[in-house]
Chemist: 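Got a structure for you, written out below as structure tokens; questions coming shortly.
In what follows, chains carry the letters A, B, and so on, assigned in the order in which the sequence lines appear, proteins first and then strands, with residues in each chain numbered from 1.
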Amino acid sequence: MAHFLEAKGITKNFGELQVLKGIDLSVNKGEVICLIGASGSGKSTFLRCLNFLEIATSGSIEVDGQAIDPKTSDLNQYRANLGMVFQHFNLFPHMSVLENIIEAPIRVKKVKKSQAIETAMVLLKKVDLEDKAHEHPARLSGGQKQRVAIARALAMRPSLMLFDEPTSALDPETVESVLKTMRVLASEGMTMIVVTHEIGFARAVADRVCFIHEGRIWEQGSASELLDNPKEERTKEFLKAVMV
Amino acid sequence: MPSFAHLFETFVSSAPLFLKGALLTFELSLASVLIGLAIGLFFAFLSLSKIRALNAISNFYITLVRGTPLIVQIFVLYFGLTDVVQISGFLAATLALAFHNGAYLSEIFRGAIQSIDRGQYEAAKSLGMTSYQTYARIILPQAFLRALPALGNQFIIALKDSSLAAFISMDELFNMATTQGANNFDQMTYLIIVAVYYLVMVMALSHLVNLVEVKLKRSGAT
Ligand SMILES: Nc1ncnc2c1ncn2[C@@H]1O[C@H](COP(=O)(O)OP(=O)(O)OP(=O)(O)O)[C@@H](O)[C@H]1O
Ligand SMILES: [Mg+2]
């Protein structure tokens, strides 16, 4: 089976600093991949290269066998097909929850407003926030904000969801509600790449876990292989440090 | 000093005339701020552009406005404009004040746009929105809300500055006061009256600005 997404030899330099040193990653439809690794190892940068928020210095990205060239491809159309969830939510504070969700479907996909609202309400129900549709984000807890952000991304009907530490900025008591939403998504067959420090989540949900170290995929394998029987010294050290 | 009774009497008898002047002052300020907003937004974008030449243009404009007295700007624009095109005094005064306010408004907009978090651009981008959509729907509405109190203050300044239009013989408040004062050999009475008019207008506006600010804070929209 052909891969859904294939990144090859991705490198990224910020001036003198080489942050990514050649990352290859293939993702199959329906796969959930967790990226773990120390702060500064390049996880976010890699994720951002996948939807061209950062343009990789070298390497190639193919989706459905189609190479994406940042110079000639319609990046907006490409990005509309990938959902992204940020550590700090990045909800639009001047819009209600509902407006946050229907904005892109209406503007980018030209969906009719009534249709967009209908879809948004279904998604809000799914993330258990129907009653907050008309609130402004400022009135929500961190966990609620993040679930709105997930609903906003899902409203574009993406074929791949990217998550960058979606629970790192949350109070402990709201983390679970977000993880639960993500588990449901995974069980429905959503293709997902998740940067996370939640080892428990990775163990339960990931089809594959990649340990990123110094801009490379240092080691990868199934959740049990990588988390319970890591082979590399660096991986062991990292896991020991995060699983205290 | 004129007696209170005399002041009050003159205040009442001159009210029809002065209210007309106040209206013109208000119209002049409002029109110049509205046009100034467009000018300001335009130059804010030039300032924020990555193209050096565009930065330099807006820098030049702002330096020019800040570095010369408003009365000079008004005279230069008034005589300059009426020299080449036939326009009304009101339009000339409006444009001169708009040219002046535009520079301050552009700095307000620039600051407000710069204060919007990078994450907002990234979220919009990640949803497939174009640059135009991102600015029109996400960045500018937030920047505008954040700038509202400063915009209100600039409006108050513009209101007071508009008194200088008296020097190109606009029948606005201040001109009213000096002519009436001269005609009646009673400068001080009319100056005190006109000060009251300005004060009331400014206080009403300040109150409005405060209300808006509180409302914005409460809604959590900024
Ligand atoms: N725009 C940028 N300009 C310069 N350096 C950057 C930029 N973005 C990231 N970096 C650097 O690249 C390195 C990797 O950053 P990245 O955010 O990808 O790490 P990370 O693995 O996501 O870390 P964390 O767990 O802290 O989020 C860091 O050293 C960071 O300082
Ligand atoms: Mg990161």
Chemist: With a cut-off of 6.0 Å (strictly less than), are more than 12 heavy atoms of other residues, nucleotides or ligands near CD of Glu188(A)?
Modeler: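 Yes - once you tally the heavy atoms of other residues, nucleotides and ligands closer than 6.0 Å, there are more than 12.
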
Chemist: Mark yes when over 12 heavy atoms from residues, nucleotides or ligands other than Gln114(B) sit less than 6.0 Å from its CD; otherwise mark no.
Modeler: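 Yes, CD of Gln114(B) has more than 12 neighbouring heavy atoms, counting only those of other groups under 6.0 Å.
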
Chemist: Look at the side chain of His94(A) and the backbone N and O of Arg137(B), then say whether any donor-acceptor pair between them is shorter than 3.5 Å.
Modeler: yes

Chemist: Under 6.0 Å from the CD atom of Glu173(A), do we count more than 12 heavy atoms belonging to anything else shown?
Modeler: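 Counting other residues, nucleotides and ligands, CD of Glu173(A) exceeds 12 neighbours.
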
Chemist: Go through the atoms of Glu103(A) and report whether side chain, backbone, both or neither lie under 4.5 Å from a heavy atom of chain B.
Modeler: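 For Glu103(A), the contact with chain B is made by the side chain alone.
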
Chemist: With only heavy atoms counted, which part of Phe86(A) is less than 4.5 Å from chain B, the side chain, the backbone, both or neither?
Modeler: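 When you check distances to chain B, only side chain atoms of Phe86(A) fall under 4.5 Å.
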
Chemist: In Å and rounded to the nearest 0.5 Å, what is the CG to CD1 distance from Asn90(A) to Ile138(B)?
Modeler: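 Output value for this atom pair is 11.0 Å.
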
Chemist: What distance do Arg79(A) atom CZ and Thr130(B) atom OG1 have between them, rounded to the nearest 0.5 Å?
Modeler: 11.0 Å

Chemist: So, for Gln133(B) and Val108(A), which heavy atoms are closest and what is the spacing to 0.1 Å?
Modeler: OE1-CG2, 4.0 Å

Chemist: Between Arg152(A), Arg107(A), Met95(A), Lys109(A), which shows the greatest number of heavy-atom pairs under 4.5 Å with chain B?
Modeler: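 When all of Arg152(A), Arg107(A), Met95(A), Lys109(A) are compared, Arg107(A) has the most.
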
Chemist: Please list all pairs passing the salt bridge (Lys or Arg N to Asp or Glu O under 4.0 Å) test where one or both residues lie in residues 153-162 of chain B, with sequence neighbours left out.
Modeler: none

Chemist: Under 3.5 Å, side chain of Gln142(B) to main-chain N/O of Pro93(A), donor-acceptor pair present?
Modeler: no

Chemist: OG/Ser126(B) to CG/Leu53(A) distance, rounded to the nearest 0.5 angstrom?
Modeler: 6.5 Å

Chemist: So which residue, Pro141(B), Gly128(B), Ser131(B), ends up with the most heavy-atom pairs under 4.5 Å with chain A?
Modeler: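 The answer is Gly128(B).
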
Chemist: So which part of Leu91(A) gets closer than 4.5 Å to some heavy atom of chain B, the side chain, the backbone, both or neither?
Modeler: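 Answer is backbone: N, CA, C or O of Leu91(A) sit under 4.5 Å from chain B.
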
Chemist: As an exercise: rank Leu82(A), Asn76(A), Asn81(A), Leu162(A) by heavy-atom pairs under 4.5 Å with chain B and give me the winner.
Modeler: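 Of Leu82(A), Asn76(A), Asn81(A), Leu162(A), Asn76(A) has the most heavy-atom pairs under 4.5 Å with chain B.
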
Chemist: Please list every donor-acceptor pair under 3.5 Å in which a side-chain atom of residues 22-43 of chain B meets a protein atom from a residue at least two apart or in another chain.
Modeler:
unit_1: Thr25(B); atom_1: OG1; unit_2: Gly21(B); atom_2: O; d: 3.3
unit_1: Thr25(B); atom_1: OG1; unit_2: Leu173(B); atom_2: N; d: 3.1
unit_1: Ser29(B); atom_1: OG; unit_2: Thr25(B); atom_2: O; d: 2.7
unit_1: Ser32(B); atom_1: OG; unit_2: Leu28(B); atom_2: O; d: 3.2
unit_1: Ser32(B); atom_1: OG; unit_2: Ser29(B); atom_2: O; d: 3.0
unit_1: Ser32(B); atom_1: OG; unit_2: Asn101(B); atom_2: ND2; d: 3.4

Chemist: Check each atom of Gln120(B) against the heavy atoms of chain A and say whether the ones under 4.5 Å are side chain, backbone, both or neither.
Modeler: both

Chemist: Please classify the contact of Arg48(A) with chain B as side chain, backbone, both or neither, using a heavy-atom distance under 4.5 Å.
Modeler: side chain

Chemist: What's the spacing between Phe92(A) CZ and Leu127(B) CG if we round to 0.5 Å?
Modeler: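 Those atoms lie 5.5 Å apart.
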
Chemist: Can you establish whether the number of heavy atoms outside Arg183(A) located under 6.0 Å from its atom CZ is more than 12?
Modeler: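 Atom CZ in Arg183(A) is packed in, count exceeds 12.
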
